[in-house]
Amino acid sequence: MESQPPASAPVLAAYSYCEAVTGQQARNFAYGIRLLPTPKRRAMSALYAFSRRVDDIGDGTLADDVKVARLEDTRALLTRIRDGAVDEDDTDPVAVALAHAAEHFPIPLGGLDELIDGVQMDVRGETYETWDDLKVYCRCVAGAIGRLSLGVFGTEPGARGAERAPEYADTLGLALQLTNILRDVREDAEGGRTYLAADDLAKFGCSAGFSGPTPPEGSDFAGLVHFEVRRARALFAEGYRLLPMLDRRSGACVAAMAGIYRRLLDRIERDPEAVLRGRVSLPGREKAYVAVRGLSGLDTRQLARRTVRRRA
């Protein structure tokens with residue numbers, strides 16, 4: 001996969017566009033994919049640019065019926081990509097780049113259909129009564145991205161348990177999405193959206209929602225956050241089983257992205273109400289440290305040792 005024939009000028013221009021979109025908008029994602037060899041980095045940028053387009057439709061200010069029409073147009077474009085009907089001189093650089101990536105990597109493009117399904121759930125304003133309900137949404141908007149990314153990464157030949165790699169990639173996506181939900185709880189509330197499961201909110205007296213910088217009166221907001229943090233940590237622990245199945249640089253990419261979100265989770269756990277006051281984030285130097293740690297393979301080696309001890 002990494003010794004591909006040179007791409008044409010139009011394809012290279014399309015990838016450059018996708019990499020620019022990724023660099024400007026991806027933040028945490030961009031730190032991870034910098035660690036990949038060029039063909040994989042370009043393919044991941046094409047996936048990100050297409051996914052960003054879908055997300056932007058859902059998050060935009062268009063009327064709901066217009067959003068639905070735009071999402072269906074995007075699904076039709078995906079069908080063209082899947083059918084090999086996008087030429088190199090097509091005027092849509094994201095389509096050109098993603099079509100080229102799909103020709104050279106076994107990307108399960110159906111995952112992008114799932115992403116569109118998930119964003120349509122947002123447009124409909126769906127809410128989630130239980131964690132099992134919320135998992136369906138998270139698998140569409142994040143688990144699918146994990147499985148799509150695995151199509152680019154691939155698994156190492158002979159990797160033990162590789163048949164479960166898509167499951168672990170999906171679970172890691174859920175861990176990242178639950179972290180996102182916790183980080184963005186105030187922002188989402190201001191946009192009229194609630195993602196945490198209704199039964200979890202009720203359990204901790206938070207059904208009134210999060211309209212201000214302080215928790216609902218009489219609620220156990222810290223208890224809610226710590227409960228969800230434990231759930232996210234369990235998902236990370238399961239999803240991290242993917243790391244030993246990947247080559248060094250793909251594993252470094254995953255470890256970097258997941259490591260950034262795990263550190264976000266640590267910050268949220270230490271100060272739960274911070275998510276009501278503003279967006280919790282990591283400084284660039286800390287993200288860089290996590291990326292270097294991922295490239296060193298430290299997380300992968302630690303996970304491998306824990307796996308061996310469990311089997312023993």
Side-chain angles (χ1 to χ4, degrees), residues 10-11 13-15 17-22 24-26 29 42-129 133-152 166 169-170 173-174 176-177 180-181 184 187-188 191-195:
V11 169
Y15 276 131
Y17 173 84
C18 293
E19 290 190 281
V21 170
T22 304
Q24 291 166 7
Q25 301 187 40
F29 185 83
R42 288 173 175 164
M44 290 294 289
S45 294
L47 279 173
Y48 177 84
F50 189 95
S51 302
R52 180 76 265 164
R53 178 179 296 180
V54 175
D55 285 340
D56 284 347
I57 293 171
D59 292 337
T61 58
L62 298 171
D64 287 350
D65 60 337
V66 179
K67 288 182 179 182
V68 169
R70 293 280 181 89
L71 289 170
E72 288 307 320
D73 288 345
T74 307
R75 198 188 299 273
L77 175 61
L78 180 60
T79 298
R80 288 181 56 219
I81 293 170
R82 186 184 291 113
D83 293 344
V86 174
D87 296 328
E88 290 187 357
D89 59 355
D90 193 284
T91 57
D92 187 335
V94 176
V96 172
L98 184 57
H100 185 271
E103 287 177 5
H104 292 86
F105 294 95
I107 301 172
L109 291 176
L112 291 171
D113 277 305
E114 293 180 56
L115 174 62
I116 294 170
D117 291 341
V119 174
Q120 287 179 328
M121 294 166 75
D122 280 336
V123 173
R124 293 194 297 267
E126 293 195 16
T127 55
Y128 309 97
E129 289 297 316
D133 296 333
L134 180 57
K135 275 196 295 188
V136 174
Y137 170 77
C138 291
R139 286 211 158 95
C140 285
V141 299
I145 301 301
R147 287 178 268 117
L148 286 158
S149 301
L150 182 63
V152 175
D170 184 281
L174 263 64
L176 270 59
Q177 184 63 21
N180 268 337
I181 288 171
D184 298 340
E187 182 180 325
D188 290 333
R193 294 177 179 173
T194 301
Y195 290 104

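Bear in mind the structure is a predicted one, so any value in this text is a computation, not a measurement.
- In this structure, Asp170 CG and Leu150 CG are separated by 10.5 Å, a value rounded to the nearest 0.5 Å.
- Pairs passing the ring-ring contact (aromatic ring centres under 6.0 Å, His included) check and including a residue from residues 44-95, sequence neighbours excluded, read Phe29-Tyr48.
- Using a 4.5 Å heavy-atom threshold, the side chains of His100 and Arg42 count as separate.
- Of all non-hydrogen atoms in Val141 and Gly118, the two that sit nearest each other are CG1-CA, 3.8 Å.
- From Leu176, atom CG reaches atom SG of Cys138 across 11.0 Å, with rounding to the nearest 0.5 Å.
- Note on Asp90 versus Arg80: salt bridge recorded, some NZ/NE/NH1/NH2 to OD/OE distance being below 4.0 Å.
- Cys140 and Asp117 make their closest contact through SG-CB, 4.4 Å (heavy atoms, listed as atom of the first residue, atom of the second, distance).
- A salt bridge does not link Asp56 to Arg70: none of the charged side-chain nitrogens sits closer than 4.0 Å to a carboxylate oxygen.
- Side-chain atoms of Ile181 and Leu134, non-hydrogen and from C-beta on, do get closer than 4.5 Å to each other.
- Remark: of the listed residues Asp73, Asp83, Asp113, Asp113 is the sole one forming a side-chain contact (heavy atoms from CB on, under 4.5 Å) with Leu78.
- Looking only at side-chain heavy atoms (C-beta outward), Gln120 and Val54 stay at 4.5 Å or farther from each other.
- Here the closest heavy-atom approach between residue Ala97 and residue Ala14 is recorded as N-CB, 3.9 Å.
- In this structure the side chain of Ser149 reaches within 4.5 angstrom of the side chain of Met44, judged on heavy atoms.
- No side-chain heavy atom of Thr194 sits less than 4.5 Å from a side-chain heavy atom of Asp188.
- The OH atom of Tyr195 sits 3.5 Å away from atom CG of Asp122, with the distance rounded to the nearest 0.5 Å.
- The side-chain hydrogen bond (donor to acceptor under 3.5 Å, both in side chains) search around Asp184 returns Arg279, not counting sequence neighbours.
- Going from atom OG1 of Thr74 over to atom NZ of Lys67 covers 13.0 Å, rounded to the nearest 0.5 Å.
- Here the closest non-hydrogen pair linking Gly173 and Ala142 is O-CB, 3.2 Å.
- Within the 4.5 Å cutoff, the side chain of Ile81 has heavy atoms near those of the Leu77 side chain.
- Taking 4.5 Å as the limit, some side-chain heavy atom of Leu47 sits within range of a side-chain heavy atom of Leu112.
- Side-chain atoms of Tyr15 come within 3.5 Å of backbone atoms of Ala101 as a donor-acceptor pair (strictly under, hydrogens ignored).
- For the pair Ala49 and Cys18, the tightest heavy-atom approach, listed with the atom from each and the gap, is CB-SG, 3.7 Å.
- Rounded to the nearest 0.5 angstrom, Ile116 CD1 and Ser51 OG are separated by 9.0 Å.
- Between the CG atom of Leu71 and the CG atom of Leu115 there is a distance of 9.0 Å, given to the nearest 0.5 Å.
- Screening residues 91-105 for salt bridge (Lys or Arg N to Asp or Glu O under 4.0 Å), with sequence neighbours left out, gives Arg53-Asp92.
- Nearest heavy-atom pair across Ala102 and Leu109 is CB-CD1, 4.0 Å.
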